[in-house]
Amino acid sequence: MDDREKYTPGAIESKWQERWQEDGLYRSKVDWSRPKHYALTMLPYPSGDLHIGHWFAMTPSDARARWMRMRGYNVLFPMGFDAFGLPAENAAVQRGVHPARWTWANIERMRGQLRTMGAMFDWEREAVSCDPSYYRWTEWFFKQFFENDLAYRGEALVNWSDALQTVLANEQVIDGKDERLGQPVVQKMMTQWFFRYRRYADEMLNFENIDWPEKIQAMQTNWIGRSEGARVTFHTEQGTSFDIFTTRPDTLWGVTFMVLSPEHPLVQKVTTPAQQAAVEAYIEYSATQTEIERTAEGKDKTGVFTGGYAVNPVNGAHIPIWIADYVMITYGTGAIMAVPAGDQRDFEFARKFGLEIVPVIQPEDESFDGSTMEVAHAGAGYMVNSGQFDGTYSNGEKGRKNPAISEVIDWLEANGYGKEEVNYRLRDWLISRQRYWGSPIPVIYTEDGQMEVVPDQQLPVVLPEDIDFQGMTGNPLGRSSSFLNTTDHKGRPARRETDTMDTFMCSSWYHLRYLSPRYQEAPFDPEEAAYWLPVDVYTGGTEHATMHLLYTRWFNKAIRDLGVFDEAAQLMAQNGRNPEMLLDEPMLLLRNQGQVLGAERNGDVVVVTGGREGGKMVARRVEALPPEDARTLERLAASGESIPYPREQNRIVGEIVKRTENLLTIADLTRSGELQPVEVPESAQIVIPGIPGPNTVNQLRHHLEIQRMSKSKGNVVNPDDLVGAYGADTVRAYLMFGFDWGKGGPWNDDNIQGVVRWLNEVWDMVTAGSVEGAGDPEAARHAERKLHQAIKKVSDSLENFSFNTAVAALMSLKNELRPLAREGKLAGEAWAEAMRDMLLLMAPITPHITEELWALMGLPYSIHQQAWPVYDADKAAESMTTLVVMKNGKPIDWVAVPVGIGEADAKEAALATDGAKRILNDGAPKRVIFIAGRAGGAAGAEPKVNIVL
RNA sequence: GGGGGAGUGGCGGAAUUGGCAGACGCGCAUGACUUAGGAUCAUGUCUCGUAAGAGGUGAGGGUUCGAGUCCCUCCUUCCCCA
């Protein structure tokens with residue numbers, strides 16, 4: 001080796017990042033002469049530190065965007081910040097930093113961290129949702145919705161979080177707790193702002209024109225929860241009418257009682273004086289229950305009879321009206337018909353309160369008796385006890401696909417008892433938040449109680465800055481007189497709306513603001529939109545399946561119908577693009593990455609001696625074993641061998657699986673892994689090898705399972721450290737290589753060494769230069785073949801988001817080329833060509849090292865502006881291949897044959913092999929099957945002959 | 001309870017329409033070079049077997065010349081919905 005420089009990523013990477021920045025290499029401009037590609041990756045919340053998860057999400061997306069660019073597409077790959085939200089406000093309350101200052105400082109920091117990725121983000125298009133120039137248009141969109149009856153203010157039972165001091169959308173409540181802090185959420189009637197989410201429910205169920213993962217489609221379909229059935233009108237004995245929705249009108253004859261939600265307005269009217277006290281007490285009780293508690297299956301049924309009766313329209317039966325908390329006012333009409341014979345929850349309710357059960361759907365071979373049935377029958381069967389419908393077959397399907405349901409609906413409509421109806425689980429989108437750090441809602445309330453929207457020229461309504469957050473609870477906007485007080489269009493005093501918008505409103509259209517973040521005339525420049533829209537590839541996590549990814553689809557459809565895209569559509573058409581169907585959906589293709597989780601960590605293996613007190617041991621001495629001793633001990637125990645520590649009353653030996661303050665839980669190896677509680681008092685002696693001096697109980701490590709990274713668990717992997725140690729290219733390549741991108745997995749940097757070696761070897765190979773001489777033409781041909789095979793493999797892998805196999809193919813290529821280069825078989829122009837193409841193939845994945853080596857080879861700047869090598873099947877083709885000889889599908893021998901060998905020749909060659917002769921042993925095979933080889937030179941592509949004995 | 005994924009070496013993970021299971025790496029082993037090796041190079045590395053060979057993708061069955069891949073039953077696990 002000469003004194004050639006070693007690969008030092010640190011210097012190279014910052015050098016090229018600066019150069020690319022100066023040259024505007026990633027500026028993306030409208031150019032109708034070239035095909036466009038809008039690649040988008042979900043924007044981060046500016047929490048202050050870039051996480052390894054951001055790298056995992058963004059750098060493979062960047063590699064793919066770069067690849068598209070090299071393939072000749074004009075690529076837009078923007079980045080920005082979803083900058084409104086509660087953490088900023090919490091920081092303000094706790095530390096006295098204004099949310100804006102906190103947020104902008106974090107953004108500044110994260111911009112720097114994002115730049116170290118070496119991604120091709122076009123920073124000229126950065127959009128930040130908390131910037132007034134952005135939320136001006138968020139407000140403008142709100143106005144559009146309001147003025148077109150897509151936004152309304154209404155009273156509804158909403159999710160109120162006391163901990164967050166705000167209401168939350170249904171999507172943000174998980175198991176009755178808020179998704180952020182996991183604190184309980186209660187149901188409250190409040191006046192709030194909503195968007196008419198259901199209006200596009202049916203259209204959102206259609207995924208025909210977009211390529212989104214099945215999983216996301218299923219989740220969204222579930223979430224929308226379309227159900228077909230009928231709305232049926234019942235009357236009380238007093239004559240008041242009320243509607244119920246049912247998906248099973250074929251069971252109407254089996255209705256033996258009605259159940260109203262405790263919040264239903266009819267409750268007051270039907271309750272008899274005798275039942276008044278019981279009903280009121282029950283209403284009070286149910287208000288304390290969460291929705292999950294109320295509707296949980298298997299829960300003990302509760303309810304109270306109102307004393308009132310309803311009349312069943314189909315048979316005139318008088319049936320009692322009950323109230324019960326398993327009926328929600330927010331679902332359907334807040335009232336249900338109860339068919340205990342056909343619905344398990346109704347069945348349990350009826351049994352508990354001694355109500356009648358009338359079977360109405362009965363399978364052919366059964367005969368139900370309402371008094372003895374043990375479970376409800378919800379499946380298929382023939383209608384019974386149902387008047388003229390007796391004998392009609394109910395096939396168990398939903399809606400019109402069920403002949404019984406279909407016939408009954410027609411009959412209900414003909415007789416005016418009810419009508420066909422479609423119901424949705426989806427509720428309108430609650431966008432009000434009683435918080436400061438969000439986009440204001442541009443509405444004012446006049447003195448005489450009228451509502452006015454703020455005129456366009458006064459937008460944006462800006463968040464006030466003179467707010468003291470410290471120690472405050474509740475909505476700070478309500479305390480700001482400078483914000484609160486305004487005037488109406490006649491100049492009279494008026495009050496501003498103090499609710500702000502859900503941040504999902506901001507992120508529903510950020511992909512549009514990227515198009516022209518500084519545009520003043522509209523939310524986006526139609527010239528840009530006409531060229532770039534829609535988003536071609538969108539990448540992000542699955543956690544937003546029923547939130548962001550559904551909201552943004554709704555938003556897109558809503559603004560399409562409001563004409564927001566009209567000008568862009570015209571321009572599209574003028575430039576020869578057919579806007580038809582291009583603007584119905586915001587993102588054409590969606591792919592999800594998995595999540596990088598924290599690494600598993602073993603707890604210390606300790607020897608505890610002390611005294612027993614009650615059920616637990618109180619330690620006198622805790623000694624952690626050196627890791628190698630601990631491993632030996634655990635191996636012995638796992639294999640059932642005896643360990644060098646016999647079981648003793650006053651000794652516990654094992655791994656710490658949990659630690660709470662000074663209380664340890666130890667899996668005791670002397671007691672077959674039984675969990676033992678150990679208290680460690682101040683006085684106990686604690687010895688930890690490698691940590692001299694007196695130790696404390698806090699230094700003992702407990703077992704940590706694979707889980708999300710979080711600061712409090714101490715398992716966060718910091719990308720800055722990794723970049724410092726290995727360089728951005730290595731981190732990028734490793735994240736792509738070490739995981740299945742769609743799956744993610746526990747962090748583990750064992751494999752990173754492989755990527756380090758790969759890049760070092762590429763560096764050495766290129767900087768070594770070509771040896772003198774002509775080289776070997778055969779080797780050159782071999783290199784060319786491998787190169788073209790790699791072009792195909794890498795291209796296909798990137799196309800399919802299979803980043804790990806792309807890197808694997810590049811490593812294989814290196815393995816092929818390196819010995820040839822070193823032995824001097826690959827020399828001169830053949831060498832140079834091989835190096836050039838290899839660097840081009842690596843460029844999307846490792847942009848810095850390839851740029852540097854490209855320059856060192858004296859090639860014109862920039863490698864990222866070069867064309868992707870064109871795959872040539874002829875050059876990739878091998879002349880000879882291996883014919884696999886099989887016995888009953890198992891390989892037994894191999895023979896070299898020309899590619900494209902015919903069936904007869906292949907069979908002849910196969911039967912002539914030693915392997916074939918041995919198994920045939922002069923006998924005749926039952927059958928001989930030829931499997932032709934496939935093109936491409938990939939593994940498994942070889943021709944095969946299967947000899948069946 | 002319903003719906004949908006997933007289960008492959010010591011580890012991360014590969015395997016178009018069914019067609020050589022374990023690509024590419026990590027780790028490990030042996031050897032070489034070295035003052036040294038946690039550098040580099042070479043070779044090996046699914047299991048059993050000295051070998052010829054046989055077996056092998058959560059378990060069991062089936063279809064097929066041929067099954068990680070398709071079908072049935074079951075187990076484990078993750079996600080979504082209730």
Side-chain angles (χ1 to χ4, degrees), chain A residues 1 6 174-175 213-225 291-292 294-299 326 331 344-345 375 378 425 541-543 545-546 592 594-597 599-600 706 733-758 760-761 764 790 792-793 796-797 800 802-816 818-819 822 881-894 914-915 918-919 925-936 938-949:
Chain A
M1 277 283 172
K6 281 189 62 184
I174 294 160
D175 291 342
E214 294 285 336
K215 180 185 161 124
I216 302 288
Q217 293 187 28
M219 283 167 75
Q220 295 199 343
T221 302
N222 257 331
W223 192 259
I224 292 167
E291 185 171 327
I292 291 293
R294 287 175 58 165
T295 56
E297 231 168 281
K299 167 207 145 181
Y326 75 91
Y331 284 155
Q344 188 60 23
R345 287 199 292 189
V375 287
R425 204 187 77 99
T542 52
E543 63 272 22
T546 55
N592 300 116
Q595 199 169 30
V596 178
L597 303 166
E600 187 168 27
I706 296 163
Y734 175 59
L735 287 168
M736 293 183 224
F737 179 64
F739 300 84
D740 172 350
W741 187 70
K743 205 169 99 192
W747 173 258
N748 173 337
D749 54 17
D750 293 347
N751 274 313
I752 204 165
Q753 227 22 262
V755 174
V756 171
R757 283 180 198 142
W758 169 47
N760 273 318
E761 287 172 25
D764 287 344
K792 172 124 179 71
K793 193 83 201 293
D796 289 351
S797 294
N800 296 318
S802 174
F803 301 100
N804 51 358
T805 53
V807 176
L810 289 167
M811 288 177 168
S812 296
L813 177 64
K814 180 268 301 172
N815 291 344
E816 292 286 346
R818 201 150 100 106
R822 242 193 340 210
T881 187
T882 308
L883 176 72
V884 183
V885 185
M886 297 174 159
K887 179 187 88 173
N888 296 333
K890 286 273 176 192
I892 53 162
D893 211 337
W894 296 265
D914 292 343
R918 180 172 53 74
I919 59 152
K926 256 194 211 157
R927 260 173 95 179
V928 179
I929 293 159
F930 172 67
I931 303 111
R934 281 178 281 134
E942 290 82 358
K944 294 159 197 82
V945 170
N946 191 16
I947 300 168
V948 185
L949 291 182

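Residue numbers begin at 1 in each chain, while the letters A, B, ... track the order of the sequences. No hydrogens, no waters, no symmetry mates; every other heavy atom, side chains included, goes into these values.
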*Asks:* How many whole angstroms separate atom CG of A:Asp740 from atom C1' of B:U8?
*Replies:* 13 Å
*Asks:* Round to the nearest Å and state the distance from A:Asn888 atom CG to B:A54 atom C1'.
*Replies:*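 The answer, rounded to whole Å, is 14 Å.
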*Asks:* If you round to the nearest 0.5 Å, how far is CE of A:Met886 from CH2 of A:Trp894?
*Replies:* 9.0 Å
*Asks:* By the 4.0 Å heavy-atom rule, please label A:Gly594 as base, sugar-phosphate, or nothing.
*Replies:* nothing
*Asks:* On RNA chain B, nearest-nucleotide positions of A:Arg918 versus A:Lys890: which is more 5'?
*Replies:* A:Arg918
*Asks:* Among A:Ile947, A:Val948, A:Val945, whose side-chain contact (heavy atoms from CB on, under 4.5 Å) with A:Ile929 holds?
*Replies:* A:Val948
*Asks:* Convert the base pairs of RNA chain B into dot-bracket notation, remembering that pairs crossing earlier ones are written with [ ] and that bases paired across to another strand are shown as |; include only Watson-Crick or G-U pairs under 3.5 Å.
*Replies:* (((((((..(((......[....)))((((((.......))))))(((....)))..(((((..]....)))))))))))).
*Asks:* Under 4.0 Å, counting only non-hydrogen atoms across every strand here, what does A:Asn946 touch: a base, just sugar-phosphate, or nothing?
*Replies:*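 Answer is base: heavy atoms of A:Asn946 come under 4.0 Å of a base.
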*Asks:* For B:G12 and B:A23, measure between their C1' atoms and round to the nearest Å.
*Replies:*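 Those two atoms are separated by 13 Å.
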*Asks:* Sticking with atom P, work out how far B:G58 lies from B:G13, rounded to a whole angstrom.
*Replies:* 15 Å
*Asks:* What are the two closest non-hydrogen atoms of A:Lys887 and A:Asn946, and how far apart are they?
*Replies:* C-OD1, 3.8 Å
*Asks:* Provide a list of protein-nucleic acid N or O atom pairs under 3.5 angstrom, restricted to nucleotides 39-49 of chain B.
*Replies:*
from  : atom 1 : to       : atom 2 : distance (Å)
B:C41 : OP1    : A:Arg818 : NH2    : 2.3

*Asks:* If you look at every heavy atom in A:Ala809 and A:Lys793, which pair is closest and at what distance?
*Replies:* CB-CG, 3.5 Å
*Asks:* I'd like the P distance from B:C24 over to B:C71, given in whole Å.
*Replies:*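 Pairwise P distance, B:C71 against B:C24, rounds to 31 Å.
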*Asks:* Whether A:Lys743 contacts B:G7 is assessed here as follows: a side-chain N or O lying under 4.0 Å from the phosphate OP1 or OP2. Is that the case?
*Replies:*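 Answer no for this pair, as no side-chain N or O of A:Lys743 is under 4.0 Å from OP1 or OP2.
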*Asks:* Would you please name every residue forming a salt bridge (charged side-chain N to carboxylate O under 4.0 Å, His left out) with A:Arg918, sequence neighbours left out?
*Replies:*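 Applying salt bridge (charged side-chain N to carboxylate O under 4.0 Å, His left out) to A:Arg918 gives none.
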*Asks:* If you pin A:Ser812 and A:Thr805 to their nearest nucleotides in RNA chain B, which one's is more 5'?
*Replies:* A:Thr805
*Asks:* Output all residues satisfying salt bridge (charged side-chain N to carboxylate O under 4.0 Å, His left out) with A:Asp796, sequence neighbours left out; order by chain, then residue number.
*Replies:* A:Lys792
*Asks:* With distance as the sole criterion, do the side chain of A:Trp894 and the base of B:C20 form a donor-acceptor contact below 3.5 Å?
*Replies:*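 Indeed there is one.
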*Asks:* Measure from CZ on A:Phe737 to C1' on B:G25 and round the result to the nearest Å.
*Replies:*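 Spelled out: CZ on A:Phe737 to C1' on B:G25 is 4 Å.
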*Asks:* Output yes when at least one side-chain N/O atom of A:Asn751 is less than 4.0 Å from OP1 or OP2 of B:C24, else no.
*Replies:*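 Indeed not, no polar side-chain atom of A:Asn751 lies that close.
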*Asks:* Which atom pair, heavy atoms only, marks the closest approach of A:Thr542 to A:Lys215?
*Replies:*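 Answer, listing the atom of A:Thr542 first, then A:Lys215: CG2-CE, 4.1 Å.
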*Asks:* Nearest whole angstrom, please: distance from the C1' of B:C26 to the OH of A:Tyr734.
*Replies:*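 Interatomic distance, OH of A:Tyr734 to C1' of B:C26: 8 Å.
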*Asks:* Of the options B:G25, B:G19, B:C20, whose atoms approach the side-chain atoms of A:Lys814 most closely?
*Replies:*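 Nearest nucleotide to the side chain: B:G25.
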*Asks:* Of the nucleotides B:C20, B:C65, B:C81, which one has an atom closest to the side chain of A:Trp223?
*Replies:*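 Among the listed nucleotides, the one closest to the side chain of A:Trp223 is B:C81.
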*Asks:* In whole angstrom, give the distance that lies between atom CE of A:Met736 and atom P of B:G25.
*Replies:* 17 Å
*Asks:* Between B:C26 and B:G61, how far is it from one C1' atom to the other, in whole Å?
*Replies:*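 Their C1' atoms lie roughly 38 Å apart.
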*Asks:* Let me confirm one number: the OG1-NZ distance from A:Thr882 to A:Lys944, rounded to the nearest 0.5 Å.
*Replies:* 10.5 Å
*Asks:* In whole angstrom, give me the gap between the C1' atoms of B:A42 and B:C46.
*Replies:*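 After rounding to an integer number of Å, I get 23 Å for this pair.
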*Asks:* How many Å lie between CE on A:Met886 and P on B:G18, as a whole number?
*Replies:* 15 Å
*Asks:* A:Ala733 and A:Val807: which non-hydrogen atoms are nearest, and at how many Å?
*Replies:* O-CG2, 4.2 Å
*Asks:* Under 4.0 Å between any heavy atoms, over every strand shown, what does A:Trp758 touch: base, sugar-phosphate, or nothing? Just pick one.
*Replies:* nothing
*Asks:* Measure across A:Phe930 and A:Pro943 and return the closest heavy-atom pair with its distance rounded to 0.1 Å.
*Replies:* CE1-CB, 4.2 Å
*Asks:* Where along residues 214-222 of chain A does a heavy atom come under 4.0 Å from RNA chain B, residue by residue in number order?
*Replies:*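 Residues of residues 214-222 of chain A that come under 4.0 Å of RNA chain B are, in numerical order, A:Lys215, A:Met219.
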*Asks:* For A:Trp223 versus A:Thr546, what's the shortest heavy-atom pair and its separation?
*Replies:*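 Result for this residue pair: CB-CG2, 3.7 Å.
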*Asks:* When the C1' atoms of B:G66 and B:G19 are considered, how many whole Å apart are they?
*Replies:*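 These two C1' atoms come out 7 Å apart once rounded.
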*Asks:* Pick the C1' atom in B:G68 and in B:U57, then give their distance to the nearest Å.
*Replies:*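 5 Å, rounded to whole Å.
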*Asks:* With the side chain counted from C-beta on, respond yes when A:Leu735 and A:Phe803 share a heavy-atom pair under 4.5 Å apart, and no when they do not.
*Replies:*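 Side chain of A:Leu735 against side chain of A:Phe803, heavy atoms only: no contact under 4.5 Å found.
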*Asks:* How many Å lie between CH2 on A:Trp741 and P on B:A14, as a whole number?
*Replies:* 14 Å
*Asks:* For B:G9, does the O4'-C1'-N9-C4 or O4'-C1'-N1-C2 angle fall within 90° of 0, making it syn, or is it anti?
*Replies:* syn
*Asks:* Determine the contact category for A:Asp796: base if any of its heavy atoms lies under 4.0 Å from a base atom, sugar-phosphate if only primed atoms, P, OP1 or OP2 are that close, otherwise nothing.
*Replies:*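 Since no nucleic acid heavy atom lies under 4.0 Å of A:Asp796, the category is nothing.
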*Asks:* Test of understanding: with salt bridge (charged side-chain N to carboxylate O under 4.0 Å, His left out), list the residues that count as partners of A:Lys814, not counting sequence neighbours.
*Replies:*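 Once residues adjacent in sequence are excluded, the partners of A:Lys814 under the salt bridge (charged side-chain N to carboxylate O under 4.0 Å, His left out) criterion are A:Glu761.
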*Asks:* Please determine if a side-chain N or O atom of A:Asn815 lies less than 4.0 Å away from the OP1 or OP2 oxygen of B:C24.
*Replies:* no
*Asks:* Take atom CE of A:Met811 and atom C1' of B:G12, then tell me their distance rounded to the nearest Å.
*Replies:*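 My rounded result for the distance is 12 Å.
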*Asks:* Verify, without hydrogens or angle tests, whether A:Asn804 (side chain) and A:Met736 (backbone) share a donor-acceptor contact under 3.5 angstrom.
*Replies:* no
*Asks:* Using atom P in both nucleotides, what's the gap between B:U17 and B:G53 to the nearest angstrom?
*Replies:* 32 Å
